[in-house]
Novice: 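Pasting a structure here, questions to come.
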Amino acid sequence: LVISDSGYAGTAELVRGTLRRYDVDVVPVDTADLDDVAAALPGARLLFVESPSNPLTKLADIAALATLAHEHGALLVVDSTFASPLISRPLELGADLVVHSLSKFIGGHGDALGGAILGHADLVAAIREDMAIRLGGALSPFDAWLLLRGVETIELRMAAHVRNAAALATMLEAHPAVTRVLYPGLPSHPQHDLATRQMLNGGPVLAFSVNDPAAIGRALDQTPGPITYATSLGLTRSVILWCDTDGLQQSTYQLPADQLARYRDWAGAGVYRLSLGIEDTADITRHLQLVLDRARP
């Protein structure tokens with residue numbers, strides 16, 4: 001298994017621990033670097049990437065990676081949770097399977113757990129007939145009902161998510177307390193050109209770095225408003241979370257020094273991940289502006 005060195009912590013913990021105990025060789029690589037991926041692929045059965053990645057919004061060139069994976073006889077799987085099917089369609093770019101956390105933007109209300117694996121019928125049938133039947137993981141009827149209810153409004157919700165993300169990214173980039181904004185919809189994003197080729201827009205999630213993360217945390221705690229400090233994302237309300245680089249590395253991939261240095265090129269000591277909700281744009285802009293202003297020395 002060749003996998004992104006930046007991604008959802010739960011995925012990282014699964015591949016670092018559980019899969020290796022079952023003798024699966026796991027090789028984390030910078031999937032934004034095609035040469036790194038090509039060097040790791042000989043002998044691989046599966047290439048697993050996130051695009052955009054959690055929490056850095058790093059992109060993977062899905063079409064190029066599909067070509068590389070298939071040249072080596074591997075499947076390409078893309079976790080597209082951050083984008084949703086309304087913003088990115090990896091299957092149309094050559095991916096073999098696409099993974100979504102239904103609990104996030106597709107369900108949209110933070111009240112149901114579920115996931116989806118999409119792709120060619122023969123691949124999905126093998127997963128359903130073997131993994132689901134023998135290992136479990138099937139949705140409860142009520143969770144399925146809640147998630148289907150959420151799907152009915154995804155187009156309306158996603159338009160609001162993206163509108164708010166674009167507005168907040170622009171505001172943050174201009175604020176003196178912010179040192180960097182990572183949002184694929186901004187020209188300053190290192191992979192903005194790729195985003196314009198394989199995404200409909202910049203998406204609903206951004207990350208940003210600040211001079212004093214602890215001061216921002218204190219200001220958030222002391223400043224009531226629509227943005228909630230919490231771990232989840234993809235909800236109707238805006239949610240922010242501090243993603244500490246050292247903490248994440250200790251609990252997830254535990255990258256070697258050279259790969260950790262690349263991660264720090266994007267994240268530094270850490271980033272605030274902000275998943276935008278569907279609130280009034282002026283309300284959430286005002287709230288975060290006030291938080292940033294209060295955190296300044």
Side-chain angles (χ1 to χ4, degrees), residues 1-79 81-82 95 99 179-184 186 188-195 198 205-211 213 241-273:
L1 169 65
V2 177
I3 189 167
S4 303
D5 61 3
S6 167
Y8 172 53
T11 302
E13 290 160 2
L14 171 72
V15 301
R16 178 175 55 81
T18 305
L19 293 191
R20 283 176 170 159
R21 287 198 296 272
Y22 283 90
D23 296 326
V24 176
D25 291 327
V26 180
V27 182
V29 300
D30 179 359
T31 49
D33 187 323
L34 296 179
D35 291 336
D36 272 12
V37 177
L41 274 174
R45 299 286 300 279
L46 192 72
L47 170 60
F48 186 99
V49 304
E50 289 186 21
S51 189
S53 74
N54 185 356
L56 299 182
T57 75
K58 183 183 284 192
L59 305 182
D61 187 333
I62 297 169
L65 291 174
T67 298
L68 277 177
H70 297 156
E71 286 175 351
H72 288 83
L75 297 177
L76 172 63
V77 181
V78 179
D79 184 330
T81 295
F82 264 31
V99 175
T179 57
R180 189 179 193 188
V181 180
L182 293 170
Y183 180 62
L186 287 176
S188 59
H189 190 281
Q191 298 168 296
H192 178 68
D193 289 344
L194 176 60
Q198 69 179 30
V205 182
L206 60 87
F208 65 96
S209 303
V210 292
N211 290 311
L241 179 70
W242 169 244
C243 300
D244 177 72
T245 295
D246 288 341
L248 278 176
Q249 292 305 319
Q250 290 169 11
S251 65
T252 56
Y253 286 121
Q254 301 176 355
L255 295 173
D258 58 332
Q259 288 182 307
L260 179 57
R262 288 196 191 190
Y263 185 94
R264 289 188 184 279
D265 286 343
W266 283 68
V271 295
Y272 274 100
R273 184 190 70 196

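Starting from 1, each residue takes its place in the sequence as its number.
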Novice: Does the His192 side chain pair with the main chain of Leu186, one donor and one acceptor, at a distance under 3.5 Å?
Specialist: yes
Novice: Please report the shortest heavy-atom distance between Ala39 and Pro42, naming the atom on each side.
Specialist: O-CD, 3.5 Å
Novice: Looking at every non-hydrogen atom in both residues, tell me the closest pair between Tyr183 and Leu206 and how far apart they are.
Specialist: CD1-CB, 3.8 Å
Novice: Check Leu59 against Gln191 and note the closest heavy-atom contact, atom names and distance.
Specialist: N-OE1, 2.7 Å
Novice: I'd like to check Pro190 versus Leu182 (side-chain heavy atoms, cut-off strictly below 4.5 Å). Are they in contact?
Specialist: yes
Novice: Who passes side chain to side chain donor-acceptor pair (under 3.5 Å) against Thr179, sequence neighbours left out?
Specialist: none
Novice: Given Asp30, which partner from the list Asp258, Leu255, Asp36, Asp35 fulfils the side chain to side chain contact (heavy atoms under 4.5 Å, CB included) test?
Specialist: Asp36
Novice: Answer yes or no: is there a donor N or O on one side and an acceptor on the other, between the side chain of Gln198 and the main chain of Ala60, under 3.5 Å?
Specialist: yes
Novice: Which pair of heavy atoms, one from Leu248 and one from Tyr263, lies closest together, and at what distance?
Specialist: CD1-OH, 3.5 Å
Novice: Does any part of the side chain of Pro52, heavy atoms only, come nearer than 4.5 Å to the side chain of Val205, both counted from C-beta?
Specialist: no
Novice: Using the side chain to side chain contact (heavy atoms under 4.5 Å, CB included) rule, take Phe48 and Leu1 through it: C-alpha gap first, then chi angles, then the decisive distance, then the call.
Specialist: CA-CA 7 Å; Phe48 186 99; Leu1 169 65; 4.0 Å; yes
Novice: Does anything in residues 68-79 form a side-chain hydrogen bond (donor to acceptor under 3.5 Å, both in side chains)? List the pairs, not counting sequence neighbours.
Specialist: His70-Asp96, Asp79-Thr81
Novice: Please list, one pair per line, the donor and acceptor atoms closer than 3.5 Å that link side chains of residues 8-29 to other protein atoms, with sequence neighbours excluded.
Specialist:
residue: Arg16; atom: NE; partner: Thr252; partner atom: O; Å: 2.1
residue: Arg16; atom: NH2; partner: Ser251; partner atom: O; Å: 3.0
residue: Arg20; atom: NH2; partner: Val26; partner atom: O; Å: 2.9

Novice: With distance as the sole test, does His189 use its side chain to make a donor-acceptor pair with the main-chain N or O of Ala195 at under 3.5 Å?
Specialist: no
Novice: Holding to side-chain contact (heavy atoms from CB on, under 4.5 Å), I want the full list of residues that pass it with Ser53, two or more places apart in sequence or in another chain.
Specialist: Ser6, Glu50, Leu56, Lys58
Novice: What residues, two or more places apart in sequence or in another chain, satisfy side chain to side chain donor-acceptor pair (under 3.5 Å) together with Asn54?
Specialist: Arg273
Novice: To the nearest 0.5 angstrom, please state how far the CG atom of Leu41 sits from the CG atom of Leu46.
Specialist: 10.0 Å
Novice: Using 0.5 Å steps for rounding, measure from the CG atom of Leu65 to the OG atom of Ser4.
Specialist: 8.5 Å
Novice: Would you mind writing out the side-chain donor-acceptor pairs for residues 264-272 within the sub-3.5 Å range, not counting sequence neighbours?
Specialist:
residue: Arg264; atom: NH2; partner: Asp246; partner atom: OD1; Å: 2.4
residue: Tyr272; atom: OH; partner: Pro213; partner atom: O; Å: 2.7
residue: Tyr272; atom: OH; partner: Gly217; partner atom: N; Å: 3.2

